[in-house]
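Not measured: the values here are computed from a predicted model. Just the heavy atoms: all of them, side chains too, but no hydrogens, waters or symmetry mates, feed the values below.
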Amino acid sequence: SQVIDLEGRIEIKDDDGITITTEVLHLDLLTGKTFGNKKVTISMDQGSNLIASAFTIVEKDGKGFFEGPINMKIVKNNSMNDNIDISSDRLEIDKISNMLIFIGNVNIKEKKSVINAKKMVVWFEEDKKNKIGSVFRNDIKRIEFFGNVKMENNKRGESLVGDNAVYNPKEEKLYINNNVELKKNEN
């Protein structure tokens with residue numbers, strides 16, 4: 001294979017406002033794979049970012065794999081006070097299918113609410129661009145949660161538990177399914 005190895009502070013910017021920063025980067029010219037085993041930060045122009053400890057991006061297949069711990073901050077409405085924080089063990093990006101898959105110890109925090117699950121799949125509206133970074137800019141179609149889903153609202157003292165769940169962003173509603181249990185103030 002023909003691999004180009006880069007070391008030092010590496011910063012890659014694309015025309016979509018996405019910046020990838022890392023210290024070690026390997027480019028395989030034959031497979032089109034970009035990978036590294038050092039911390040990688042992906043920053044988006046609106047202030048959102050993703051941090052992982054290792055990554056592989058296969059641009060021609062529209063796929064990206066990030067090994068954890070994964071920490072992602074999504075800045076909503078260009079306000080640092082209106083964030084969504086997501087953490088997981090692994091993140092897979094599939095641009096062809098327009099989805100992000102967070103795997104293992106998934107934790108989402110937004111204001112006073114927390115959701116935990118074993119896996120979360122975020123489906124985006126279709127995009128005409130075929131770039132990994134453009135998936136972050138598309139509107140969310142739905143979010144699915146799998147495995148021991150637990151949603152806590154600390155403001156209201158409520159927690160909801162179930163086997164899986166679906167979030168519909170147009171309705172702004174979360175539907176929890178199978179073995180559902182609701183607790184209010186520990187009752």
Side-chain angles (χ1 to χ4, degrees), residues 1-76 80 83-110 115-148 167:
S1 75
Q2 296 178 342
V3 177
I4 297 173
D5 297 318
L6 303 172
E7 290 187 27
R9 180 171 167 78
I10 302 160
E11 201 171 271
I12 302 169
K13 295 183 179 190
D14 75 2
D15 54 355
D16 283 338
I18 305 285
T19 302
I20 299 174
T21 307
T22 189
E23 293 177 15
V24 175
L25 185 73
H26 309 285
L27 304 166
D28 188 323
L29 301 175
L30 294 178
T31 64
K33 193 183 289 187
T34 304
F35 56 98
N37 59 357
K38 294 281 186 181
K39 177 181 168 186
V40 61
T41 302
I42 299 177
S43 305
M44 285 136 278
D45 55 7
Q46 77 276 20
S48 298
N49 65 44
L50 171 112
I51 299 171
S53 56
F55 67 99
T56 301
I57 299 172
V58 185
E59 190 69 50
K60 70 176 184 172
D61 292 341
K63 296 187 187 289
F65 304 95
F66 298 86
E67 296 297 331
I70 306 294
N71 292 297
M72 183 175 199
K73 180 180 292 296
I74 300 171
V75 176
K76 294 173 30 182
M80 292 305 282
N83 295 334
I84 300 172
D85 294 306
I86 303 170
S87 62
S88 69
D89 295 334
R90 179 177 168 87
L91 169 62
E92 297 178 7
I93 299 173
D94 187 335
K95 182 59 196 115
I96 305 301
S97 299
N98 291 303
M99 65 182 186
L100 300 177
I101 305 167
F102 293 86
I103 301 168
N105 298 307
V106 179
N107 180 279
I108 302 102
K109 294 179 185 174
E110 180 180 16
I115 299 176
N116 294 296
K118 289 183 177 180
K119 180 178 176 180
M120 176 176 74
V121 180
V122 182
W123 297 89
F124 291 89
E125 297 293 341
E126 191 172 340
D127 184 27
K128 302 303 177 218
K129 295 181 182 181
N130 198 17
K131 290 188 173 183
I132 294 288
S134 65
V135 76
F136 294 105
R137 291 207 170 53
N138 300 338
D139 290 333
I140 294 173
K141 191 187 304 186
R142 77 178 181 275
I143 302 173
E144 298 176 3
F145 302 90
F146 302 94
N148 299 327
Y167 176 71

_Straight-line distance of Ile70 CD1 to Glu92 CD, nearest 0.5 Å_ = 10.0 Å

_Restricting to non-hydrogen atoms, name the atom on Asp28 and the atom on Leu30 that form the minimum distance, rounded to 0.1 Å._
OD1-N, 3.0 Å

*Given side chain to side chain contact (heavy atoms under 4.5 Å, CB included), test Asn116 with Asn148 step by step and report yes or no.*
CA-CA 8 Å; Asn116 294 296; Asn148 299 327; over 6 Å; no

*Heavy-atom side-chain contact between Ile115 and Phe145 under 4.5 Å*: yes

_Once rounded to the nearest 0.5 Å, what's the spacing between atom CG of Asp5 and atom NE2 of His26?_
5.0 Å

*Drop me the distance from Leu27's CG to Phe35's CZ, to the nearest 0.5 angstrom.*
8.5 Å

_Under-4.0 Å salt bridge between Asp85 and Lys109_ = no

*asked:* Holding to side chain to side chain contact (heavy atoms under 4.5 Å, CB included), I want the full list of residues that pass it with Ser87, two or more places apart in sequence or in another chain.
replied: Asn71, Asn107

*Find the distance between CZ (Phe102) and CE (Met72) and round it off to the nearest 0.5 Å.*
5.0 Å

*How many angstroms lie between atom NZ of Lys38 and atom CD1 of Ile10, to the nearest 0.5 angstrom?*
11.0 Å

_I need the single residue from Ile42, Thr21, Thr41, Val40 that forms a side-chain contact (heavy atoms from CB on, under 4.5 Å) with Ile51. Which is it?_
Thr41

_Counting C-beta onward and ignoring hydrogens, is there a side-chain heavy-atom pair between Phe146 and Val121 closer than 4.5 Å?_
yes

*So do Leu25 and Phe55 actually touch side chain to side chain, heavy atoms under 4.5 Å?*
yes

*asked:* Is there a side-chain contact between Met99 and Trp123 in this structure, where contact means two heavy atoms from C-beta onward sitting under 4.5 Å apart?
replied: yes

_Rounded distance (nearest 0.5 Å) linking atom CZ of Phe65 with atom CD1 of Ile103_ = 9.0 Å

*List the atom of Ser53, the atom of Pro69, and the distance in Å for their closest heavy-atom pair.*
OG-N, 3.9 Å

*Identify the residue among Leu91, Ile20, Ile86 that makes a side-chain contact (heavy atoms from CB on, under 4.5 Å) with Leu50.*
Leu91

*Could you walk me through whether Met120 and Ile101 pass the side chain to side chain contact (heavy atoms under 4.5 Å, CB included) check?*
CA-CA 6 Å; Met120 176 176 74; Ile101 305 167; over 6 Å; no

*asked:* Under a 3.5 Å distance rule, please check whether Thr22 uses its side chain to pair with a backbone N or O of Lys39 as donor and acceptor.
replied: yes

*Is there a donor-acceptor pair under 3.5 Å between the side chain of Thr31 and the backbone N or O of Lys33?*
yes

